[in-house]
Amino acid sequence: MNDLINVYNALLDEYGHQGWWPIIDYNGSNPTKTGSIKGYHPKDYSFPVNDSQRFEICAGAILAQNTGWINVEKSLVNLKREGLLCAEKIVNSVLQVRELIKPSGYFNLKAGYLENFSRFYLKLNGRIPERKELLAVKGIGKETADSILLYAYKVPVFIVDAYTKRMFNFLGVIDSVDYENIRLFFEGNLPKDYELFEEFHALIVEHAKNFYSKKPYGAGDFLKKII
DNA sequence: TTCCAGGCAATAC
DNA sequence: GTATTGCATGGA
């Protein structure tokens with residue numbers, strides 16, 4: 001049998017549908033409340049439903065680099081409140097952006113990254129970007145590029161994050177730390193279905209938060225028994 | 001207090 | 001090609 005499908009089914013059974021990528025409800029009474037179901041949309045893979053949501057996902061992917069989502073959401077809410085959560089405004093307000101995104105860390109770097117990406121985004125003029133083009137933007141690495149492609153554009157690329165590497169090496173499903181190697185393994189052994197890829201990645205993160213954040217990584221992981 | 005977070009680019013071997 | 005380092009806030 002396919003180990004990846006077995007793992008996916010076990011994770012879905014354990015945690016249920018994750019409703020990624022979170023879309024913030026800025027009209028809610030407490031838009032900064034996160035980690036809750038607010039902003040998530042289990043079993044609904046229709047997002048983004050407009051350009052504003054699409055850009056929000058892209059910006060969130062950049063701000064989420066090595067940073068907890070709660071802090072990312074604070075920055076996104078700050079940007080939205082000031083009307084700066086869009087490419088057109090960001091390119092002309094970099095200094096202001098820099099202050100507004102402080103909660104999500106690396107604010108000097110990420111302000112530049114958001115500016116670079118925004119210029120690129122505007123040039124796209126609605127077109128779906130190529131992976132190669134995204135990687136050419138300074139600040140957009142492999143994981144961020146693939147997060148944008150999968151969650152903002154529904155392109156079926158498999159996202160490989162630090163958790164994915166740790167978890168599947170521990171389980172013995174893979175024996176590699178090379179990003180492209182791992183990505184192609186997942187893409188080659190799963191149906192090329194963006195909904196499946198979105199759900200699987202979200203489930204991996206949820207599971208890894210429980211079993212692969214603290215050393216020794218993998219301790220107590222019940223998945224070890226089904227592989 | 002220490003450790004970690006849904007990485008990336010620059011630099012050193 | 002692989003290993004290391006700086007970047008930064010906030011929560012556990």
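Throughout, a chain's letter reflects where its sequence line sits, starting with A, and its residues are numbered from 1.
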Between which nucleotides of DNA chain C, read 5' to 3', does contact with chain A run, using atoms under 4.0 Å from its heavy atoms? dC7(C) to dG11(C)
Rounded to the nearest angstrom, tell me the gap between atom CG in L135(A) and atom P in dG7(B). 16 Å
Rounded to whole Å, CG of D146(A) lies from C1' of dG7(B) at a distance of 13 Å
Only counting residues at least two apart or in another chain, list the ones meeting salt bridge (charged side-chain N to carboxylate O under 4.0 Å, His left out) with E198(A). none
The criterion is side-chain hydrogen bond (donor to acceptor under 3.5 Å, both in side chains); which residues satisfy it with Y15(A), sequence neighbours excluded? H207(A), N210(A)
Would you please indicate yes or no on a ring centroid separation below 6.0 angstrom for F197(A) and F186(A)? no
Would you check if the distance from the ring center of F200(A) to the ring center of Y8(A) is below 6.0 Å? yes
At under 4.0 Å between heavy atoms, what does [X] touch on the DNA or RNA strands: base, sugar-phosphate, or nothing?
| X | value |
| --- | --- |
| I140(A) | sugar-phosphate |
| V160(A) | nothing |
| K138(A) | sugar-phosphate |

Using the side chain to side chain contact (heavy atoms under 4.5 Å, CB included) criterion, which residues pair with D13(A)? Sequence neighbours excluded. none
For residues 82-93 of chain A, tabulate all N or O donor-acceptor pairs below 3.5 Å that involve a side-chain atom, not counting sequence neighbours.
{"from": "N92(A)", "atom 1": "ND2", "to": "E88(A)", "atom 2": "O", "distance (Å)": "3.4"}
{"from": "S93(A)", "atom 1": "OG", "to": "K89(A)", "atom 2": "O", "distance (Å)": "2.8"}

Taking NZ, NE, NH1 and NH2 as the nitrogens, is one of them in K123(A) or E133(A) under 4.0 Å from a carboxylate oxygen of the other? no
Cation-pi check, K224(A) to F170(A): give yes when NZ or CZ is under 6.0 Å from the six-membered ring centre and within 45° of the ring axis, no otherwise. yes
If you assign each of W20(A) and Y113(A) to its closest nucleotide in DNA chain B, which residue comes earlier from the 5' end? W20(A)
With rounding to the closest Å, how many angstrom separate the P atoms on dC8(B) and dG10(C)? 22 Å
Could you list, one pair per line, each protein nitrogen or oxygen that sits under 3.5 Å from a nitrogen or oxygen of nucleotides 3-5 of chain B, together with the distance?
{"from": "dA5(B)", "atom 1": "OP1", "to": "Y163(A)", "atom 2": "OH", "distance (Å)": "3.4"}
{"from": "dA5(B)", "atom 1": "OP1", "to": "R166(A)", "atom 2": "NH1", "distance (Å)": "3.4"}

